[in-house]
There are 2 protein chains.
Amino acid sequence: MSAYAALAEPHRRQILDLLREGERPVTELVKRLDLSQPGVSKHLKVLREAGLVVVRTEGKQRVYALRPDPLAEVDQWLEPYRRLWSSRLDALERHLEENP
Amino acid sequence: MSAYAALAEPHRRQILDLLREGERPVTELVKRLDLSQPGVSKHLKVLREAGLVVVRTEGKQRVYALRPDPLAEVDQWLEPYRRLWSSRLDALERHLEENP
DNA sequence: TGCTCATATTTCCATATGGAAATATGAAAT
DNA sequence: ATTTCATATTTCCATATGGAAATATGAGCA
């Protein structure tokens with residue numbers, strides 16, 4: 001699954017936000033996510049397949065960590081759009097570009 | 001539909017990319033998209049509902065224009081992640097943050 | 001009015017999705 | 001070896017999704 005598609009799900013974005021604070025075992029994520037354990041595991045699987053997280057087994061636990069690299073693609077796609085909302089003059093600017 | 005979900009579909013991102021060059025009637029989009037006319041119209045509907053495009057009727061044509069505002073939310077969400085891939089020292093930085 | 005162009009909507013279909021509940025797996029502790 | 005804890009997988013279900021094909025709508029033109 002693409003990074004874009006992975007981000008479409010709010011819970012998955014939440015998971016990434018949590019992992020931004022540092023790596024976390026699944027239990028911890030379940031506690032903080034208002035979602036069942038299987039639900040969390042399912043989303044983690046999607047995130048794994050999108051390359052957005054990695055797992056490490058630590059004793060009984062499975063510790064997940066953020067892997068932000070695929071987000072760089074999204075960021076790059078977004079790049080040319082950024083200037084379009086960065087100033088109040090957007091509408092005017094666009095109009096001028098289209099009508100040189 | 002959320003902007004995130006709208007972006008999950010590659011054709012929809014393509015449409016936005018095309019509209020970044022300026023407003024375009026549907027015919028033009030159909031020509032450039034390797035997708036049937038109904039297909040394009042369906043995706044345009046989604047984009048409309050996500051607030052990412054606006055339409056204007058011009059004679060027989062329906063002219064679509066980009067409305068980048070909802071992308072700002074995505075951009076903001078992405079913001080704290082940006083530093084994580086912006087330097088080769090990421091892994092180290094994160095490690096240090098988690099283990100102060 | 002009837003025709004045509006541009007676009008939207010509907011229908012059909014196959015597939016994907018997310019959640020809940022139940023079950024399976026695997027490591028560690030007893 | 002058995003139990004327990006942590007997590008993953010499976011099953012079931014309702015709903016959403018995307019594409020293709022057919023049809024509908026609506027504006028301008030003959």
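Numbers restart at 1 for each chain; the letters A, B, ... are given by sequence-line order, proteins then strands.
- Using a 4.0 Å heavy-atom criterion, one finds that Gly39(A) contacts no nucleic acid atom at all.
- Across the interface with DNA chain D, nearest-nucleotide mapping of His11(B) and Thr27(A) shows Thr27(A) to be the residue nearer the 5′ end.
- Projected onto DNA chain C by closest heavy-atom contact, Val26(B) and Lys42(B) fall at different nucleotides, the more 5' of which corresponds to Val26(B).
- Note: CD (Glu58(B)) to C1' (dG26(D)) measures 16 Å, nearest angstrom.
- Cluster membership for Tyr4(A) and Tyr81(A), using ILVMFWY side-chain heavy atoms within less than 4.5 angstrom, is shared.
- Under the rule for a side chain to side chain donor-acceptor pair (under 3.5 Å), the partners of Tyr64(A) that lie at least two apart in sequence or sit in another chain are Arg48(A).
- Taking the side chain as every heavy atom from C-beta outward, Val74(B) and Leu7(A) never approach each other to under 4.5 Å.
- Annotation: of the two residues near DNA chain C, Val55(B) and Met1(A), the 5′-most nearest-nucleotide partner is Val55(B).
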Could you pull out the protein-nucleic contacts involving nucleotides 3-5 of chain D (nitrogen or oxygen on both sides, under 3.5 Å)?
| from | atom 1 | to | atom 2 | distance (Å) |
| --- | --- | --- | --- | --- |
| dC5(D) | O4' | Lys60(A) | NZ | 3.3 |

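- Residues Gln14(A) and His11(A) have side chains in contact (heavy-atom distance under 4.5 Å, counting atoms from C-beta outward).
- Using a 4.5 Å heavy-atom threshold, the side chains of Val46(B) and Leu52(B) count as separate.
- In this structure, CZ in Arg82(B) is found 7.5 Å from CG in Leu78(A), a value given to the nearest 0.5 Å.
- At a threshold of 4.0 angstrom between heavy atoms, the contacts of Pro38(B) include nucleobase atoms, whether or not backbone atoms are also involved.
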Stepwise salt bridge (charged side-chain N to carboxylate O under 4.0 Å, His left out) test for Arg32(B) and Glu21(B) = CA-CA 13 Å; Arg32(B) 303 178 59 179; Glu21(B) 302 170 5; 3.5 Å; yes

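- A donor-acceptor contact shorter than 3.5 Å links the side chain of Arg67(A) to the backbone of Gly51(A).
- Using a 4.0 Å heavy-atom criterion, one finds that Gln37(B) contacts the bases of the nucleic acid, with or without backbone contacts as well.
- Contacts between chain B and DNA chain C, taken as any atom within less than 4.0 angstrom of a protein heavy atom, begin and end at dC5(C) to dT11(C).
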